[in-house]
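So the structure is just underneath, and the comments pick up after that.
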Amino acid sequence: MDSFDFGEQPAAADGPPIDSALVQRSALLRDLNPEQVAAATSEASRLCIIAGAGSGKTRVITRRIAYRSEIGVIDPRRVLALTFTRKAASELTRRLRQLGLRDDVSAGTFHGVAYAQLRARAAETGRREPQLLDRKVGFVAKLISRSDERTKPFDVVNEIEWAKARLVSPDNYAAAAKAAGRDANVDPNRVASLFADYETKKQKMGLVDFDDLLGVTASELRRDRRWGEAQRWRFRHLFVDEFQDVNPLQFALLRAWLSPEADLCVVGDPRQAIYGWNGADAGYITNFSDHFGEAQTLTLRRNHRSTPEILAAAEAVLDSSLGALEPLVPTRNPGQPPIFAAYDTDVDEAAGVARAVRDARRPGDNWSDQAILTRTNGQLARFEVALRAAGIPFRTRAGSDFLEQKEVKTIFESLATAPSLRSAVSDLELELSEGPHGAAPADETFDRLSTIAVLVDLAREFLVLDPDGPGSRFAGWLHTAVGSDRSGSITDAVELATFHASKGLEWPVVHIAGLEKGFAPIAFARTPDALLEERNLVHVAATRAERLLHISWAKQRTFGASAVEREPSPFLSELSSSKVLDLRTPLNEPQHQISEARTHLRSDASTETSERLPNHDAATAAAEGLLAWRKQRAEFAGVSETAILSDRDIEILAATSVRSVGDLEQAGLSPIRARRYGHEILRALGETPALAAAPPAE
């Protein structure tokens, strides 16, 4: 591999041996690293690629398709590439076009491909095309007796979808739900009965739901031998992206598509398995050979996205059961450690994050270089209000802002049409006062309470201006005050998204907010599998960041008149105590330069300081850590090193036992520096900063 440069730091492993002549013969391989080349050129007919965050999985899957087409091993017209979103399918097609394959490759979602096949078959046989049922809740509502007020259609639909994703029939639902510990707010036997009625009525009306598209296609591929063989002949090279997200229903369809002669390549990452609630089973990728016989598994270890500090924090939160996976190796130079901040209230946190967004925007940066990520949708509302107040443009991942959300519209309309706005607000405050108490609420409850709380705060603000104002006037004021723009029309804006919605995306700067117990892990995550998935979610959120990661939580959340005390997420201690390889030595800086600087500092230390050292080796290590941190911080801020921390400050801090921001001030550090850099200094000294300390004042 001496003939070309991968453009990476030497921290990563050398990777598998590669035929350099092979690489030189194909331009498709020349900008890949050794691991990517191995994945793109493997001759295995069953190939599993474990691709961690930022390792270039889309690049690998498209290069493998293009390269194997180039050398004549596969016919691109016989390729079926399966993704989980239309956007991912479009991106894959766009990249293949750039590689010269035009529109030869068929790419789409499981549901999209299945629906196309069923419609084509109907046209060939002269049958009626399948009619898609797209309003399940209304359909199920008609099956429920009016006297049965306790059975909510939405809950029943959730259970039907849960069962179908796992290939559970109506007859087996009750037993399966009990075994899985389902808490559906509906008697399992009642769900089973409605599930059976739903299937019967749907069939009589000639309707199929979204899940039926997969189940019916798989069934027809097996039942109609001639049609099945025709489909399997058409698609002889299958590629599946995000394989850790496949559920049993999708897996059954994949097996029905796959002939014994076909080749299969899957790409995914068990560390990013975050859809277990939707039936996804990461066991399909971790036990790939058990399902597909003799197979090859390759791993992409090199993370090209995040700094070592960010990647170390993201890896530290993972469950120990994933320890068998090869750890990700950063290829970027060291940067700034993640910044942790605790705020007194959720309102303070929203304002603080808005300030952090503004502070993190360097000259020439775009607002769209930053994202605010939370565990649930309801948490985002506070940040929308804070960003508007700060004049910072934003957009939500869903493409609509706070006032466009379904839950918000419902509550907003009740306020807008209320004869007495003040009375309606009091009713909402009563709901807030009752909501948080008792058992830990589910995330849907938190979302609703967060939404109500924001609307109540806005209504109070209006009533201060117009004490007797009616709901209709409040509606006009609200649209003027916070709804005059629409996030979907803004191109340069801070992105607001949940952890789930952030998957597959990346930003230079990421703010993870509301990282509290009850949100991360979510309140209803009690089983080992559910808690593992919560860790994966935080890992996914953290690995969206390229150069800077802010993490925050609030010690108190207000729901109307009720203030609820919060606890930091148990994941915070793991994130903040992560260990980074070469953290204190930038990869592009000669080691001797730092050593000389440290020697100079130690030689200038006073006798008095040396005599105070409780442990000379420990003090030396502390000084070294502070020197390295000061250099990185100065480079980041674009100022001299002594403007961050003087040599005398380093001498004193290295010789003094400090464990909190308060200790820094007692040691003689100025209050401004202690408040601004306290958390970072404590990390450089090897201490875990107190999470409840005041956030940086920058």
Side-chain angles (χ1 to χ4, degrees), residues 309-310 313-314 316-317 336-360 370 372-376 378-383 385-387 390 436 446 450 453 499 509-523 534 537-538 541-542 545 548-559 562-578 658-666 669 671-698:
E309 293 82 359
I310 292 172
V317 80
Q336 184 175 359
I339 297 172
F340 297 84
Y343 295 88
D344 288 336
T345 70
D346 52 343
V347 175
D348 293 337
E349 181 189 29
V353 171
R355 287 194 301 271
V357 167
R358 188 176 294 283
D359 291 344
Q370 300 190 55
I372 299 173
L373 307 180
T374 61
R375 173 62 177 85
T376 71
Q379 292 172 273
L380 292 173
R382 288 284 184 203
F383 299 97
V385 173
L387 291 174
F446 268 120
S450 298
F499 295 172
V509 181
V510 168
H511 307 261
I512 295 178
L515 206 68
E516 302 152 18
K517 184 178 180 181
F519 286 140
I522 202 70
E534 290 297 303
L537 265 173
V538 177
L548 189 59
L549 178 63
H550 291 253
I551 299 175
S552 63
W553 69 285
K555 291 183 279 187
Q556 187 180 87
R557 290 196 175 271
T558 303
F559 300 97
S562 299
V564 181
E565 298 301 318
R566 307 290 289 163
E567 296 179 28
S569 166
F571 303 152
L572 269 171
S573 61
E574 295 162 15
L575 289 162
S576 62
S577 62
S578 55
V658 292
R659 295 184 177 276
S660 69
V661 173
D663 288 345
L664 294 175
E665 292 189 36
Q666 291 183 5
L669 194 65
I672 293 178
R673 280 194 169 88
R675 190 165 59 250
R676 176 171 294 181
Y677 302 127
H679 289 73
E680 298 173 47
I681 290 173
L682 291 172
R683 284 178 61 82
L685 288 168
E687 299 291 342
T688 300
L691 292 173
E698 284 187 43

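Only heavy atoms go into these numbers, but all of them, side chains included; no hydrogens, no water, no symmetry mates. It should be emphasised that the depicted structure is a prediction, and the values quoted were computed from it without experimental measurement. Counting from 1, the numbers follow the sequence of the chain as shown.
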[atom1]-[atom2] distance between [X] and [Y], expressed to the nearest 0.5 angstrom:
X      : Y      : atom1 : atom2 : result
Leu549 : Phe340 : CG    : CZ    : 7.0 Å
Leu664 : Ile681 : CG    : CD1   : 5.5 Å
Leu575 : Ile310 : CG    : CD1   : 12.0 Å
Ile551 : Leu373 : CD1   : CG    : 10.5 Å

Is it the case that Arg566 places NZ or CZ above or below the six-membered ring of Phe519, under 6.0 angstrom from the centre and within 45 degrees of the axis?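 Relative to the ring axis of Phe519, which defines the angle, Arg566 lies inside both limits.
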
Any idea which heavy atoms bring [X] and [Y] closest together, and the distance?
X      : Y      : value
Arg382 : Thr558 : NH2-O, 3.5 Å
Ala386 : Ala354 : O-CB, 4.2 Å
Ala313 : Pro338 : CB-CG, 4.1 Å
Trp553 : Ala342 : NE1-CB, 3.3 Å

Does the side chain of Leu387 come within less than 4.5 Å of Ile372's, by heavy atoms? yes

Could you pull out all residues at least two apart from [X] that satisfy side chain to side chain contact (heavy atoms under 4.5 Å, CB included)?
X      : answer
Ala520 : Leu515, Val538, Ser569, Phe571
Ala554 : Asp346, Glu349, Glu516, Arg557
Asp348 : Tyr343, Asp344, Thr345

Kindly determine whether Val353 and His550 satisfy side-chain contact (heavy atoms from CB on, under 4.5 Å), including the steps that lead there. CA-CA 8 Å; Val353 171; His550 291 253; over 6 Å; no

Among residues at least two apart in sequence or on other chains, which ones pass side chain to side chain donor-acceptor pair (under 3.5 Å) with Glu574? Arg535

Using the side chain to side chain donor-acceptor pair (under 3.5 Å) criterion, which residues pair with His511? Sequence neighbours excluded.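 Partners of His511 under the side chain to side chain donor-acceptor pair (under 3.5 Å) test: Gln370.
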
Spell out, as yes or no, whether a donor-acceptor pair under 3.5 Å connects the side chain of Arg683 to the backbone of Ser576. yes

Main-chain N/O of Ile522 paired to Glu534 side chain as donor or acceptor, under 3.5 Å: yes

Can you list the steps and then say if Leu682 with Asp663 is a side-chain contact (heavy atoms from CB on, under 4.5 Å)? CA-CA 10 Å; Leu682 291 172; Asp663 288 345; over 6 Å; no

